Enquirer: 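Take a look at this one; I'll ask things after.
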Amino acid sequence: MNRNKVIMVKNLELWLENPRIKPAKNEHEAIRSIYNETAKKEKKSREEFMSLMHSIAKNGYQNEVEPILVMHTSDDRYIVRDANRRISALKILLDPEPYKDILTAQNRLNPLST
């Protein structure tokens, strides 16, 4: 059974209880944790996140290679269960303004430099 469905990035919600980050109160807080805390050191986490953003911006997102796994809830929401880093990067690339307080000054000035 093919259960693939196209969903706009803005309609995907991050998993706020993702075990890879501390529990978040909202999506903004979750993206902040993903940017700062997914590697053992904050600087490394930021570098890896920005590298991911750069790769997506340069090469596009290839869902066939690494699909996004979501849970469709009874109240018609789509919660990302696997791909929270990738979705966070896409959200920032598509609409950076709401997330400008998350990125470091250097990353805000040069978001796609490596």
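This one's a predicted model, so the numbers in the text were calculated from it and none came from an experiment. The basis for the numbers below is simple: all heavy atoms, side chains too, and nothing from hydrogens, waters or symmetry mates.
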Enquirer: Quick one: CG on L16 to CD on E27, what's the gap to the nearest 0.5 Å?
Expert: 7.5 Å
Enquirer: In Å and rounded to the nearest 0.5 Å, what is the CD1 to CD1 distance from I68 to I7?
Expert: 9.0 Å
Enquirer: Check the pair N84 / R20 against side chain to side chain contact (heavy atoms under 4.5 Å, CB included), numbers first and verdict last.
Expert: CA-CA 10 Å; N84 283 273; R20 294 181 180 163; over 6 Å; no
Enquirer: Hey, what do you get for OG (S88) to CD1 (I21), rounding to the nearest 0.5 Å?
Expert: 7.5 Å
Enquirer: Do the non-hydrogen side-chain atoms of H28 and D101 ever get within less than 4.5 Å of each other?
Expert: yes
Enquirer: On a heavy-atom basis, which atom in N36 and which in S45 lie closest, and how many Å separate them?
Expert: C-OG, 3.3 Å
Enquirer: Would a distance-only check, ignoring hydrogens and angles, find a side-chain to backbone donor-acceptor pair under 3.5 Å from Y35 to T104?
Expert: yes
Enquirer: Rounded to the nearest 0.5 Å, what separates atom CZ in F49 from atom CG in L103?
Expert: 7.0 Å
Enquirer: Taking only residues two or more places apart in sequence or in another chain, which ones pass salt bridge (charged side-chain N to carboxylate O under 4.0 Å, His left out) with E17?
Expert: none
Enquirer: Where does the angle between the aromatic ring planes of Y78 and H72 fall among parallel (under 30°), tilted (30 to 60°) and perpendicular (over 60°)?
Expert: parallel
Enquirer: Rounded to the nearest 0.5 Å, how far does CD1 of I31 lie from CG of L14?
Expert: 5.0 Å
Enquirer: How far apart are the closest heavy atoms of K22 and S33, and which atoms are they?
Expert: CE-OG, 3.8 Å
Enquirer: Who passes side-chain hydrogen bond (donor to acceptor under 3.5 Å, both in side chains) against N11, sequence neighbours left out?
Expert: none
Enquirer: Closest heavy-atom contact between T38 and R85?
Expert: OG1-NE, 3.8 Å
Enquirer: Kindly compute the distance separating CE (M50) from CZ (R46), expressed to the nearest 0.5 Å.
Expert: 10.5 Å
Enquirer: Report the residues that fulfil salt bridge (charged side-chain N to carboxylate O under 4.0 Å, His left out) with R77, sequence neighbours left out, ordered by chain and then residue number.
Expert: E13, D75
Enquirer: Which heavy atom of M53 sits nearest a heavy atom of I92, and at what distance?
Expert: CE-CG2, 3.7 Å
Enquirer: Could you tell me which non-hydrogen atom of P23 sits nearest to which non-hydrogen atom of E29, and how far apart they are?
Expert: O-OE2, 3.7 Å
Enquirer: Closest heavy-atom contact between I56 and R86?
Expert: CD1-O, 4.2 Å
